[in-house]
Amino acid sequence: MSTISPSELSAQYDPAGVERAIYQRWLDAGVFVAHAGRSRAAGGDLVPFTIVIPPPNVTAVLHMGHGLDNVAQDLLIRWRRMAGDEALWVPGTDHAGIATQNVVERALTAEGLTREGVGRQAFVTRTEQFVERTGGRILEQLQAIGCSCDWTRTAYTLSPALSRAVREAFVRLYDAGLIYRGHRVIHWCPRCLTSLSDEEAEFENETGRLYHIRYPLADDPSRGITVATTRPETMLGDVAVAVHPEDDRYRALIGRRVRLPIAGVEIPIIADEFTDPEFGTGAVKITPAHDANDFEVGVRHALPMPVVIAPDATMINGQDAAARVPADLVGLDRTAARERVVAMLRDAGLLVNVETHEHAVRHCYRCHTVVEPRLSDQWFVRMAPLAEPALAAVRDGRIRIVPERWEGVYDHWLTNIRDWNISRQLWWGHRIPVWYCDACGGEPIVQRTDPSACPSCGGALRQDPDVLDTWFSSWLWPISTLGWPDEDAPDLRAFYPTDVLVSGPDILFFWIARMIMAGFFFIGKHPFHTVYLHGIVRDPQHRKMSKSLGNGIDPLDVVRLYGADALRYTVIAGMGLGVDMTLDHENLETSFAPGRNFTTKLWNIGRFLLGNVGDGDVQPLDAIDPAHLQRADEWILARLDAAIAACDAALGPSRPPHGRWSGAERRTGMRLNEYAETARSFVWNELADWYVESTKGRLAAGGADGEVARAVLVHVFDAALRLLHPIVPFITEALWQRLPVGGRRDGDGALLAGARWPRARGGAAERAREFELVVQSVSALRQLRAEYRVPPGTRVRATLSGASDAAHAVLGEEHALIGRLAGAEVSAARDGVGLAPGSAAHALLTDGSSVVMHLEGVVDVERECVRLRGELEELDRQLGALRGRLQNERFLARAPAAVVEGERKKAEEWSARREVLARKVEALCAG
RNA sequence: GGUCGCGUAGCUCAGCUGGUUAGAGCGCUGGUCUCACAUACCAGAGGUCCGGGGUUCGAGUCCCUGCGCGACCACCA
């Protein structure tokens with residue numbers, strides 16, 4: 001493993017050269033493998049932390065959506081693993097019924113074959129082979145972005161184990177009376193030739209037309225009733241015209257009959273409250289076989305239900321239709337038929353009016369074909385009883401949804417839930433475990449094992465030809481992947497319920513809500529306590545990234561160019577809670593610059609550190625006498641503590657602290673972007689910009705103090721790498737391996753991936769704070785240099801004077817360091833205001849300490865006065881406002897004590913500063 | 001039709017229960033190839049926090065309203 005053995009670091013970080021080897025090393029060490037026996041729930045002593053992956057479709061190729069989703073999961077699982085939990089991330093894939101079948105069908109078409117032509121058995125075999133060949137690809141791609149899944153537990157919804165769970169679930173629901181056969185109008189995709197659930201038939205807004213058609217009265221063709229419809233072709237299947245019973249316009253017509261144009265049949269005018277008098281003409285044509293609402297009306301009024309549209313959306317004279325569809329329309333596609341019908345009506349003078357009409361039309365979520373409502377027999381799950389506990393769990397805080405606003409959406413869906421059509425007229429999927437006996441025609445047989453003959457008559461059985469909705473296996477995922485229906489399965493006992501479910505909000509109903517229902521029904525426990533819903537990846541025009549738009553980003557391209565860590569960092573840093581992320585597929589350089597720049601920075605800190613601390617092992621921090629720590633040491637250690645605390649706070653409690661999420665707790669944690677920003681700014685703006693710079697002199701000088709600096713540097717960098725590992729696992733592992741800490745590495749196999757999450761250690765807070773004077777002095781001197789355009793490299797003289805004895809002492813002790821960082825000869829003087837006009841530039845620190853830079857001949861008194869006066873004015877203005885606030889009785893009475901106290905302190909500081917500033921102005925600008 | 005979200009620097013966005021002089025990244029300007037890093041360093045410019053009302057000692061944050069986006073739901077025939 002030369003790539004991560006201790007050796008000189010290359011000048012440039014080369015992610016492509018090390019990531020694969022590092023990942024392999026994690027695999028070899030087994031750090032991703034969870035052990036049921038170690039879980040407290042199974043007799044061990046570790047708290048389990050489990051995530052089940054939203055299984056990507058077996059046919060899927062990794063895109064940014066997966067990238068975002070899985071990086072978030074990996075971050076959480078790595079965090080908890082390091083925090084000491086028994087962490088399990090279950091990976092796997094979904095057989096994706098319609099999607100996969102479509103892919104294979106397209107391949108057949110390309111070969112000039114058809115599904116029907118090759119036959120069911122051969123088709124399924126072929127699909128299985130296809131999946132075997134290509135199905136694992138996306139999981140390999142997840143490895144390329146560093147996902148630490150437990151690959152020994154990789155699951156597949158169509159595997160024998162999970163298929164057993166599916167059948168068990170079906171039988172249990174059937175036995176409980178929650179699965180039934182229903183005869184009704186369902187959503188049908190005429191291209192996929194299968195029924196769809198309500199969720200799978202997606203609304204899309206479209207501008208269509210509303211056709212007003214006159215139906216003449218049968219006994220008086222000079223009179224008629226005008227109906228409004230968006231789908232004139234369905235009129236051939238009309239069996240009635242419905243009006244509202246209270247609608248005075250039509251009251252007299254109720255009970256009379258109209259002659260249906262073109263079809264030439266007589267149908268009644270009926271009254272039904274479903275009719276909205278405000279819409280269209282207030283009269284609705286009723287087509288029970290081709291509209292879900294009309295079907296309900298048809299049932300209520302015991303109307304016939306003629307079928308005039310075939311499964312492939314061509315016109316036919318189907319069941320009960322007689323010869324309603326004229327011969328020249330039969331076989332015509334529904335859109336062509338619509339034009340013909342409209343033309344015929346126009347010719348007959350029955351087309352009263354056509355207006356444009358905005359409405360939502362349902363489309364197949366897999367192929368986008370307009371869905372056709374179709375009367376058929378399907379299997380349904382009765383959802384209301386299942387919804388109840390799922391609803392209660394979110395309401396009472398056993399489950400929280402983050403961000404919280406989705407809880408309302410979830411609640412609304414579940415309270416208005418409708419039964420779930422679970423049968424699909426496909427070949428790829430779990431065959432419905434129902435058998436019929438054609439010989440005796442008895443009750444269908446539903447059982448766990450395939451029956452061989454009819455139990456009543458011994459006759460041959462015929463299995464239901466349909467398969468189950470893909471989501472019928474997905475909703476079992478958290479339990480089936482852990483071993484259910486074997487209730488004693490070790491994984492189920494050790495890792496269920498799981499903890500966090502990470503997903504986009506688009507499958508909240510499809511999947512998440514149903515998993516919760518399944519968890520309660522089959523096991524009696526909610527499957528997870530936190531649902532984390534992240535945003536969608538969009539392009540700069542704010543469009544969803546999609547294959548068809550060609551605006552997608554291939555995460556593997558990013559990995560190749562900048563490394564997995566750059567991808568991960570960028571994605572995490574941009575992941576505001578529930579906020580969509582904009583990435584430009586045409587400019588990967590810019591889009592992923594934050595991540596790439598940060599990994600480069602990290603690498604260079606590592607190079608500095610390893611080049612300057614030497615080869616010998618560094619003492620542990622604990623071995624250093626605290627009295628030997630410098631202010632800078634105390635400062636960076638305090639900043640590290642603060643960073644750890646802030647990261648912990650941003651990530652929040654990993655599980656409900658008291659069993660259920662309280663109102664406030666629901667909104668705590670899961671701020672992944674905040675965690676990333678905290679860690680970044682600590683490493684870059686504090687560790688690199690100040691501490692590392694401050695140690696250069698000490699390291700060069702060596703000696704006892706050099707040892708102290710080395711120890712602190714290595715300690716802090718070690719902690720920083722741990723803190724960053726869940727975000728950028730590869731580079732942190734590569735650097736951590738080279739830390740000169742001898743045998744002190746903890747964790748499994750001496751890998752950072754198995755090491756412990758850092759903890760705050762506490763320290764000398766006051767001395768740490770004193771270092772802020774150093775930081776401010778250096779900044780002040782740099783500003784003066786820039787303002788007076790002192791050429792770089794020119795050393796200038798400066799004098800510092802503390803606002804207090806304590807500050808003065810600090811500046812005196814640290815003047816050499818300040819001088820080195822600011823490129824100046826610095827001395828400290830008790831009253832070294834250095835007022836010599838024309839030769840000094842002045843700056844003030846927040847506590848009123850004074851920095852004077854001696855600039856012979858450079859400083860223009862006028863200009864310096866203008867600057868200082870401006871500063872004084874600004875300070876006076878703000879001080880005035882502050883004092884006003886402190887004299888406001890209501891403020892004093894109502895503001896929290898801490899706020900008032902803070903304002904008081906601030907006022908004191910500002911006053912002191914003002915004093916000094918005023919004195920300077922007075923002395924300098926007397927004229 | 002209902003519900004919800006968004007509108008903060010040129011761009012992408014933080015800003016969580018109202019409380020320092022509103023922040024970051026990218027971009028921009030000026031200066032530096034300083035022995036970890038030019039994918040960097042130093043300094044800087046840039047904001048009527050969408051408009052209008054209101055509540056409050058105090059509003060980017062809460063309420064109302066208008067405008068502009070967006071999402072989801074719905075028996076928009």
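All of these numbers come straight from a predicted model, not from anything done at the bench. Chain identifiers are assigned alphabetically (A, B, ...) following the order of the sequence lines, protein sequences preceding nucleic acid strands; residue numbering begins at 1 within each chain.
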Paired with B:G70: which nucleotide, if any, by Watson-Crick or G-U wobble criteria at under 3.5 Å for both distances? B:C4
For A:Glu909, is there any backbone N or O sitting under 3.5 Å from a side-chain donor or acceptor partner on A:Asp847? no
With sugar-phosphate meaning primed atoms plus P, OP1 and OP2, does A:Ala228 contact a base, only sugar-phosphate, or nothing at under 4.0 Å between heavy atoms? base
Residues at least two apart in sequence or cross-chain that pass salt bridge (charged side-chain N to carboxylate O under 4.0 Å, His left out) with A:Glu674, listed by chain then number, are none
If the condition is salt bridge (charged side-chain N to carboxylate O under 4.0 Å, His left out), which residues does A:Arg607 pass it with, not counting sequence neighbours? none
Of the nucleotides B:A43, B:C72, B:A36, which one has an atom closest to the side chain of A:Arg607? B:A36
In terms of ring plane angle, is the pair A:Trp684 and A:Phe598 parallel, tilted or perpendicular, where the classes change at 30° and 60°? parallel
Can you tell me which residue pairs pass the side chain to side chain donor-acceptor pair (under 3.5 Å) test with a partner in residues 885-894 of chain A, sequence neighbours excluded? A:Arg885-A:Glu903
For A:Tyr13 and A:Trp603, take the angle between the two ring planes, folded into 0 to 90°, and tell me which bin it lands in: parallel under 30, tilted 30 to 60, perpendicular over 60. tilted
Taking any heavy-atom pair under 4.0 Å as a contact, classify A:Ala688: base, sugar-phosphate, or nothing. base
Is A:Phe509 touching bases, backbone alone, or none of the nucleic acid, heavy atoms closer than 4.0 Å? sugar-phosphate
Just the atom pairs and distances: protein N or O near nucleotides 58-60 of chain B's N or O, under 3.5 Å.
none

Is any side-chain N of the basic residue among A:Arg769 and A:Glu772 closer than 4.0 Å to the acidic one's carboxylate O? no
Atom pair OH/NZ of A:Tyr691 and A:Lys696 - distance to nearest 0.5 Å: 13.5 Å
Residue set satisfying side chain to side chain donor-acceptor pair (under 3.5 Å) with A:Thr226, at least two apart, ordered chain then number -> none
Picking from B:A77, B:C75, B:C13, the nucleotide nearest the side-chain atoms of A:Leu210 would be B:A77
All N/O contacts under 3.5 Å from nucleotides 19-23 of chain B to the protein, with atom names and distances to one decimal?
{"from": "B:U20", "atom 1": "O3'", "to": "A:Lys906", "atom 2": "NZ", "distance (Å)": "2.9"}
{"from": "B:U21", "atom 1": "O4'", "to": "A:Gln878", "atom 2": "OE1", "distance (Å)": "3.4"}

Sequence neighbours left out, what passes salt bridge (charged side-chain N to carboxylate O under 4.0 Å, His left out) with A:Arg596? Give chain and number order. A:Glu589
Answer with base, sugar-phosphate or nothing: what part of the nucleic acid does A:Ala664 contact at a heavy-atom distance below 4.0 Å? nothing
Pull out every residue in residues 567-585 of chain A that has a heavy atom closer than 4.0 Å to any atom of RNA chain B, ordered by number, or say none. A:Val579, A:Asp580, A:Thr582
What residues, two or more places apart in sequence or in another chain, satisfy side chain to side chain donor-acceptor pair (under 3.5 Å) together with A:Gln541? A:Arg543
Test side chain to side chain contact (heavy atoms under 4.5 Å, CB included) applied to A:His301 - qualifying residues, sequence neighbours left out: A:Ile270, A:Asp272, A:Val297, A:Leu303
Using only heavy-atom distances, decide whether a donor-acceptor pair under 3.5 angstrom links the side-chain of A:Lys696 to the base of B:A36. yes
Taking only residues two or more places apart in sequence or in another chain, which ones pass salt bridge (charged side-chain N to carboxylate O under 4.0 Å, His left out) with A:Arg666? A:Glu407
Checking contacts here: which listed nucleotide (B:C4, B:U39, B:C57) is nearest the side-chain heavy atoms of A:Arg405? B:C4
Write out a two-atom table: protein N or O, nucleotide N or O from nucleotides 24-32 of chain B, distance below 3.5 Å.
{"from": "B:C26", "atom 1": "OP1", "to": "A:Asn597", "atom 2": "ND2", "distance (Å)": "3.2"}

Complement of B:A43, any strand, by Watson-Crick or G-U distances under 3.5 angstrom: B:U29
